[in-house]
Amino acid sequence: MPRKFLLCLAAGAALSACRQEPTPPPPPAQAPAPAHAFSTDINAADFAELVKTLASDEFEGRAPGSHGEQLSVEYIRDQMQRIGLQPGNGDSWFQEVPMTETLAAPSTVLTLQHGDTRRTLAFGSDMVVGTRSGQPEVKIDASDMVFVGYGVDAPEQDWNDYAGQDWKGKTVVMFVNDPGFHADDARLFEGKRMTYYGRWTYKFEEAARKGAAAALIVHDTAGASYGWDVVRSSWGGAQYDLPVAEDKEPRLQAQGWLSAEAARQLFAGAGLDLDKAYRDAGRRGFKPVPLHTTLSLDLKSSIAEKKSRNVVGVLPGASRADEAVLYMAHWDHLGRHEGQAHDAQAGDDIYNGAVDNATGVAGILEIADAMVHQQPAPQRSVVFLAVTLEESGLLGSQYYVNHPTFPLDKIAGVINIDAMSVNGRTRDMTVTGYGSSELEDILKPLAKEQNRTLHAESAVQSGFYFRSDHFNFAKAGVPALYAGGGRDLLEGGIDAGRKAAETYARERYHSPRDEYDAATWKLDGTMQDLELMYGVGRELAGGDSWPNWYEGNPFKANRDRMMEGRRGAGE
């Protein structure tokens with residue numbers, strides 16, 4: 001407080017004279033609050049601090065290639081340094097991931113011609129479309145449209161929706177999910193449980209392999225497990241791909257989604273009933289159906305070659321430093337959609353990604369802190385990997401698998417943390433892809449100590465196993481565990497757990513409303529999940545076992561070949 005002002009207060013008789021003095025300058029700003037004091041154990045206060053920072057508006061939704069990325073990766077690096085990890089990519093904390101950024105013009109329209117009838121579909125409301133070609137302009141002129149059911153070619157299932165035609169230059173239209181899903185037939189594929197054939201990524205990949213020019217997936221909320229608003233927001237901003245040199249698979253000129261209503265009108269124009277088409281596509285022997293409609297498209301996109309970064313820290317093993325256990329979480333989210341605020345009430349255009357996936361990054365950092373300070377120290381090295389471009393098709397993890405910092409046959413197991421539950425303690429734990437690998441044999445007794453049981457995800461139709469970064473390791477053969485949360489809440493039971501999950505999916509998933517909320521988040525259950533994930537890694541890093549996939553798992557053959565190669569090399 002200024003000395004002159006104090007004198008005025010002390011001299012009441014001269015108060016009026018003091019008021020004649022010039023207005024004193026404002027008091028100096030308060031000193032900033034001290035930085036959060038992190039502890040070395042896994043606890044809710046540290047976790048909340050990490051999430052609040054990563055999901056703050058300042059980080060702008062953590063879009064790859066943005067200012068938000070710069071803040072995010074540097075913050076993660078700083079936390080790894082604070083914890084006591086070492087740079088995990090040689091002498092660098094970062095692994096550069098080359099990417100092609102593509103932003104489709106929102107004025108783009110699809111033109112459909114059926115006989116003398118011409119219709120245009122608007123970007124965002126009727127369809128979303130983009131290109132992976134890297135070309136700033138893609139023109140498709142009068143491409144014949146053909147309905148190909150679920151767009152699946154699965155020899156082991158005796159199923160081929162593409163049989164008998166030349167697909168070069170055509171536009172294929174298909175349903176999301178597997179043939180068994182809408183038919184509710186357990187004899188088809190895995191019934192309600194989505195296989196990789198049901199994922200939109202596979203469908204576009206297969207259409208490109210067949211030589212199609214374009215592919216469109218018909219959206220339905222049940223089959224996709226999310227609404228049209230998620231499709232619109234996820235595809236409305238910049239899209240990313242690895243450069244062609246990093247991904248030799250063929251690519252479509254254009255790919256995207258049709259809204260359910262736009263698809264219904266397309267089918268009706270061809271004299272077809274969409275509901276009947278669902279029934280027909282779910283029967284063995286389905287044959288492609290011409291839609292007697294052509295598609296024309298002039299797709300203009302802004303193309304930029306950029307780089308993003310994975311963040312890699314490592315705790316070297318005490319005795320077998322050449323072997324590793326790997327924890328991972330993706331740091332990226334959807335960034336800002338300026339001028340496209342989807343929270344009409346607040347005008348909020350920042351996709352903060354608090355649950356998805358600031359929680360996962362905070363989780364691996366908390367585990368890292370515990371690992372660095374545990375006694376005895378891990379015998380194997382422990383890698384902590386925060387990857388980019390998950391929201392763009394698991395690209396950061398794909399790049400790491402292509403360029404691993406430890407040979408894949410030296411990685412004993414992968415533990416992935418993505419979108420942790422903040423709903424409170426549960427009597428159970430969800431293992432996405434339950435029944436996959438022997439990592440579950442490590443998890444099960446640890447969960448029992450918490451009086452929790454393990455089970456598969458409830459929404460098996462959603463294909464969550466194929467929608468997070470562990471999947472790239474799994475495809476390569478490395479056993480990977482993706483677990484967390486549960487559906488039987490101690491407060492409210494299964495009904496409360498289901499409602500909480502449904503509310504998040506409906507109101508906050510891939511929305512600006514996915515923000516940190518101290519008033520509603522219950523982190524006691526989150527901490528229990530982290531303790532279990534830490535326990536699995538602690539046992540794996542402290543031992544000498546090499547878990548494998550269970551018999552019958554499609555990834556086991558790759559792991560067997562990988563480990564056989566090690567034995568053949570004399571190990």
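In this chain, residues are counted from 1 in sequence order.
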Using the ring of each side chain (for Trp, its six-membered ring), is [X] parallel, tilted or perpendicular to [Y], with breaks at 30° and 60°?
X	Y	value
Phe473	Tyr400	tilted
Tyr482	His470	tilted
Tyr351	His333	tilted
Tyr226	Tyr509	tilted
Tyr196	Phe466	tilted

_Working note: Asp229 + His510, criterion side-chain hydrogen bond (donor to acceptor under 3.5 Å, both in side chains); need CA distance, chi angles, decisive distance, verdict._
CA-CA 9 Å; Asp229 58 326; His510 281 202; over 6 Å; no

So, for [X] and [Y], which heavy atoms are closest and what is the spacing to 0.1 Å?
X	Y	result
Asp418	Ser468	OD2-OG, 2.7 Å
Gly493	Arg427	CA-NH1, 4.2 Å
Leu489	Ala496	CD1-C, 3.8 Å
Glu391	Asp332	N-OD2, 3.0 Å
Arg380	Leu540	NH1-O, 2.9 Å
Met328	Asp469	CE-CB, 3.3 Å

Taking side chain as C-beta onward, heavy atoms only, is [X] less than 4.5 Å from [Y]?
X	Y	value
Trp331	Leu54	no
Asp348	Glu515	yes
Tyr504	Val422	no
Met420	Phe47	yes
Arg251	Asp241	yes
Phe406	Val314	yes
Thr53	Phe59	yes
Met99	Leu395	no

Establish, from distance only, whether the side-chain atoms of [X] and [Y] form a donor-acceptor pair under 3.5 Å.
X	Y	value
Asn416	His330	no
His403	Glu246	yes
Thr426	Arg452	yes
Asp428	His455	yes

Between [X] (side chain) and [Y] (backbone), is there a donor-acceptor pair under 3.5 Å?
X	Y	answer
Asn352	Asp514	no
Lys192	Phe181	yes
Trp200	Val176	no
Asp46	Phe38	no
Ser397	Leu394	yes
Asp178	Gly198	yes
Lys203	Asn177	yes
Tyr550	Ser437	yes
Gln86	Gly84	no
Arg309	Phe94	no

*Near Glu502 CD, under 6.0 Å, is it more than 12 heavy atoms from other residues, nucleotides or ligands?*
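It does: Glu502 CD has more than 12 such atoms within range.
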
*Under 6.0 Å from the CZ atom of Arg193, do we count more than 12 heavy atoms belonging to anything else shown?*
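Atom CZ in Arg193 is packed in, count exceeds 12.
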
*Given the rule in the side-chain contact (heavy atoms from CB on, under 4.5 Å) test, do Trp521 and Val51 qualify, once you have shown the distances and angles that lead to the verdict?*
CA-CA 12 Å; Trp521 283 26; Val51 171; 3.8 Å; yes

Separation between [atom1] of [X] and [atom2] of [Y], rounded to the nearest 0.5 Å:
X	Y	atom1	atom2	answer
Arg513	Arg506	CZ	CZ	11.0 Å
Leu530	Ile364	CG	CD1	10.5 Å
Leu334	Arg62	CG	CZ	9.5 Å
Tyr534	Met527	OH	CE	14.5 Å
Thr359	Glu366	OG1	CD	12.5 Å
Gln239	Ile303	CD	CD1	11.0 Å

*asked:* Checking side chain to side chain contact (heavy atoms under 4.5 Å, CB included) between Glu531 and each of Asp41, Leu446, Ile42, which is the one that passes?
replied: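 Result for side chain to side chain contact (heavy atoms under 4.5 Å, CB included) with Glu531: Ile42.
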
*Run the numbers on Lys307 and Glu96 for salt bridge (charged side-chain N to carboxylate O under 4.0 Å, His left out), then give the verdict.*
CA-CA 6 Å; Lys307 292 182 179 179; Glu96 285 195 341; 3.1 Å; yes

*What do the steps show when you test Gln450 against Met429 for side-chain contact (heavy atoms from CB on, under 4.5 Å), and what is the final call?*
CA-CA 10 Å; Gln450 292 185 354; Met429 185 177 210; over 6 Å; no

*Please lay out, stage by stage, how Arg77 and Met80 fare under the test side-chain contact (heavy atoms from CB on, under 4.5 Å).*
CA-CA 5 Å; Arg77 175 205 59 197; Met80 289 182 174; 5.7 Å; no

*Stepwise side-chain contact (heavy atoms from CB on, under 4.5 Å) check, Leu50 with Tyr75*: CA-CA 9 Å; Leu50 294 164; Tyr75 179 75; 3.4 Å; yes

*asked:* Taking the basic N atoms (NZ, or NE/NH1/NH2) and the acidic carboxylate oxygens, is any pair closer than 4.0 Å for Asp495 and Arg498?
replied: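 Result for this pair is yes, salt bridge flagged.
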
_Taking Arg82 first and then Asp369, would you say they form a salt bridge - that is, a charged N and a carboxylate O separated by under 4.0 Å?_
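A salt bridge links Arg82 with Asp369.
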
